[in-house]
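Okay, structure first, notes after.
We name chains A, B, ... by the order of the sequence lines, and we start the count at 1 in each one. Atom set for the values below is all heavy atoms of this structure, side chains included, hydrogens, waters and symmetry mates excluded.
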Amino acid sequence: MEFKVNSKDLEKLLTKIIPAVPTRTPMPILENFLFEIKDGLLTIYATDLEISLKSSLNIVAEENIKVIVPAKLLYDIVRSLSETTIHFNVSESGKIELKTDFGEYNLSYLSSDEYPDIPSFPNEDSKDDLVEISISGLELKSAFEKCAFAMGKEELRPAMMGTLFEFTEEGLRFVATDGHRLVNLLKKNIQTDIINNYIVPEKAISVLLKVLDEKEAKLYLSKTHVSFRLNDIELITRLIGQKYPDYRSVIPLENEFQMKIDSKELHNAIKRMMLFSTTNTRRVKFAITENNLEISAEDLDMGASGKEHLKCEYSDAPLEIGFNSAYVNDVLSHLSSEKKIIFRLHSPTKAVILHPAETKENEELLMLIMPVRLNA
Amino acid sequence: MTSEFLSRVPGQNKSIEILEKFIDSENIPHSLLFVGPSGIGKFFTAVQFAKELNCGENSKPSIKKKISSLEEPYVKYVFPLPRGKNETSDDSPTAKLSEDALEQILGQLKLKRSNPYHKLHIDKANNIKISSIRDIKKFLSLNYDDIKYRLVVIDDAHLMNDEAQNALLKSLEEPPAGVVFILCTDNENLLLPTIKSRSWRIPFSPQDDSTLTEILTTYFSLKNDSAKKISLFSDGTVDNAVNLLENDFDILIEKSINILRYSLGKRYNSAFTEIESIYSDNNPRSLQLLIQIIIKWFSDTVRDKVGLEKVYFEKYSDTIEKFNSKFIDTDVYAIQNRLDSLKSLFNRNINLNLIIANIIFEIGYTGIRK
């Protein structure tokens, strides 16, 4: 059978879904795209068994087929073509011929039987517990941008290797933590009538960050999967099937000391202090006195040290507290859009809360860092 | 209940019976330890067990196929892998492997899928990497409530080093619902006691000759006659049989007889040349097989002496009778023991020429002592 497609359209589509194609996998079947042509709609799938991406294109075709084609080879060919029309000719003998103005290229295809099943939503099996909601792509993107860095990378606590989506009456809350820092973002304008928790794995979040745009995203949430249907691409991922740790219990309530500081100034100072902190502990010391913050770091092995004074608004008892400078840097770089931020502290060994000084109407953002001991 | 899939495993009735009882009671232990020599069907049993658990009457036929082809999420197959260049424990198990190594692994896996008795031969695959264990943990963390049973099959589980074994402990003890670990090993002494105590031990025994013949004809497309002949010398394991096959079984038998003849007849030089012709490709494996065959020949002499029928060397009964008439009082068991201990020396990097000389003189000594 034959069909034709514009090379740039195809390239755009393949570029979006190729992130799901694994390399060097013990399952070589996954290094392929699944091409499905059904009633004039070409849908291309890719999966690494954890996330699946699919995207569709309207074409003119008379037959319906399903074949799998080598992903990398096809992508590389299509990418190297300038704008032209590609005529696909799928023959019975297991070959696909690509004909363009430049020449002809032959690929082998395989039968689609061995390709893993990719769930699609809504479907019959999960009809009962399927939840459907719509979120603006930009809202979702900004939430992921703020949360993604804090997700855990250790398999020891698998639940933390994802971002928690907590649907509450107040709105949708995103939580990510690795045990050292935590991001808790409540989007009040995302209102749904469900109350439930889902943990979306890190891989899905990082792929979504690249493909989300201003268009509306439709989410289908089942017990085991979540599907993000964007404008022209759909990402389906398995959820993490573990219980998310009780993050509320680590957020201190009695942090009564407040320090208000310019986020940009502090961030720049921290970047400089990172140069001086010892490579393994990366410790930086915050000595807070009235309206003055002294941050310092030293690397005893190298005999180097640094110290800076910053203006801040602080009127409580003096306090000395240590942090891992890399964590402070991470947190601050995700608060860079805020002018002033507030540190809420209690003692040198208690978790510290950071939040923007200005509260926004639609979102509540709270970040938390665990301090490090100064004289240990 | 007669099981549909487990009953297709040749032999191993006792082990199968235990597994069937688990299924009947609908109470499957989290972790099973399959113990027994390599090449007797532990892996095949694990695969069939996976099918038995997942392929009920209402399940899709595709599941069966997926399990046979060792596809996740039904089966997670973990096996020893080589280490790639500059590989750190943060890399995925196959990320840093060379193209050649990867190709070999894929080829071996393909063979394993089509023949469950195939033994994976991957160069420099000396241990199960800790990154493979991490992979398992990731696999376990995802939500697979839509799948009844997921099996994690760890082949050659004793090749996990202590760190890898320790990393596995927590998952082994409390895996998510529906996950069953199957650890296959032929050397359980290398497993930590903590792993063993968390697993239900299921012993597998070497196959009897007729079952082994059946396996060899079905899975290695041998003719019945030659399968039968090889089974006799294989001590009940497919691995031994395959080894004999790869080392030209028929020639090996003939040469063993020659070597025996020369050594006993004090023609040591000829014996030496004969042995050298066997291991010309520097493969100590064939020497090990040779010793094994010679030991079997001596057992036949004992049978002959007490008037039992010869098992192994029916065809060469004249040599046996001649030996028995010439060396009446020989302590055959002593020779067998000494030959057996020679066999174990191969693992210790002993000079092969020394071993060859020892084989010849051990046999020749019998002739002098009488």
Side-chain angles (χ1 to χ4, degrees), chain A residues 22-31 47-52 111-119 121 123-130 151-162 196-204 221-226 236-244, chain B residues 60 62-63 65-66 68-74 76-79 81 84 89-99 101-103 105-110 112-113 122 130-147 150 167-168 170-171 174-179:
Chain A
T23 49
R24 315 182 85 75
T25 155
M27 276 185 72
I29 191 91
L30 301 179
E31 292 174 6
T47 181
D48 65 359
L49 292 179
E50 183 183 329
I51 64 164
S52 313
S111 126
S112 64
D113 300 350
E114 285 168 41
Y115 204 78
D117 299 330
I118 294 174
F121 296 96
N123 64 11
E124 285 297 304
D125 294 349
S126 58
K127 215 166 40 185
D128 301 335
D129 43 36
L130 193 73
M151 279 185 280
K153 286 167 189 70
E154 283 172 42
E155 286 81 359
L156 211 60
R157 286 172 288 193
M160 293 189 188
M161 293 171 68
N196 210 341
N197 291 344
Y198 302 90
I199 311 173
V200 180
E202 184 270 335
K203 174 107 197 244
L221 294 141
S222 82
K223 256 196 210 151
T224 52
H225 291 82
V226 54
I236 301 144
T237 177
R238 260 188 202 276
L239 294 162
I240 291 180
Q242 309 257 325
K243 201 174 168 297
Y244 204 78
Chain B
K60 284 185 237 157
S62 65
I63 295 181
K65 209 176 143 201
K66 284 190 170 156
S68 292
S69 59
L70 306 178
E71 209 167 288
E72 286 179 34
Y74 299 99
K76 170 110 190 147
Y77 183 45
V78 179
F79 50 93
L81 286 169
S89 55
D90 292 335
D91 293 314
S92 89
T94 48
K96 289 279 171 76
L97 295 181
S98 66
E99 282 301 324
L102 203 64
E103 205 167 294
I105 292 167
L106 295 181
Q108 289 291 321
L109 272 180
K110 205 168 166 191
K112 187 86 185 172
R113 285 187 190 117
I122 300 169
I130 195 146
S131 48
S132 300
I133 305 293
R134 291 224 182 88
D135 235 24
I136 296 179
K137 291 193 170 178
K138 183 134 191 247
F139 170 69
L140 295 185
S141 74
L142 294 175
N143 188 334
Y144 280 97
D145 284 354
D146 48 341
I147 284 159
R150 292 186 280 159
L168 190 64
K170 191 166 180 290
S171 316
E174 293 184 310
V179 170

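- Neither the backbone nor the side chain of Thr23(A) comes within contact range of chain B; no heavy atoms are under 4.5 Å apart.
- Between Leu142(B) atom CG and Met161(A) atom CE the span is 8.5 Å, to the nearest 0.5 Å.
- Of the atoms belonging to Leu81(B), not a single heavy atom falls under 4.5 Å from chain A.
- When the salt bridge (Lys or Arg N to Asp or Glu O under 4.0 Å) test is applied to Glu72(B), the partners found at least two apart in sequence or on another chain are Lys76(B).
- If you measure heavy-atom distances from Tyr77(B) to chain A, you find no contacts under 4.5 Å at all.
- Only the side chain of Lys66(B) has a heavy atom closer than 4.5 Å to any heavy atom of chain A.
- Contact check on Arg134(B) versus Glu154(A) returns no salt bridge, with no Lys/Arg side-chain nitrogen under 4.0 Å from an Asp/Glu carboxylate oxygen.
- Taking the salt bridge (Lys or Arg N to Asp or Glu O under 4.0 Å) definition, one finds that Glu50(A) meets it with Lys138(B), sequence neighbours left out.
- The contact between Pro116(A) and chain B is made by backbone and side chain atoms together, counting heavy-atom distances below 4.5 Å.
- Contacts with chain B were tallied for Ile199(A), Asp117(A), Asp113(A), Thr237(A); Asp117(A) has the most, counting heavy-atom pairs under 4.5 Å.
- In this structure, Arg24(A) CZ and Ser98(B) OG are separated by 7.5 Å, a value rounded to the nearest 0.5 Å.
- For chain A, the nearby part of Leu140(B) is the backbone; its heavy atoms alone come within less than 4.5 Å.
- The structure places CG of Asn143(B) at 8.0 Å from OG of Ser222(A), a figure rounded to the nearest 0.5 Å.
- Pairing each heavy atom of Leu49(A) with each of Tyr144(B), the nearest pair is O-OH, 3.9 Å.
- Distance CG/Asp146(B) to CZ/Arg238(A): 4.5 Å, rounded to 0.5 Å.
- Contact detail for Glu71(B) and Glu114(A): the closest heavy-atom pair is OE1-O, 3.9 Å.
- In this structure, the portion of Leu106(B) lying under 4.5 Å from any heavy atom of chain A is its side chain and not its backbone.
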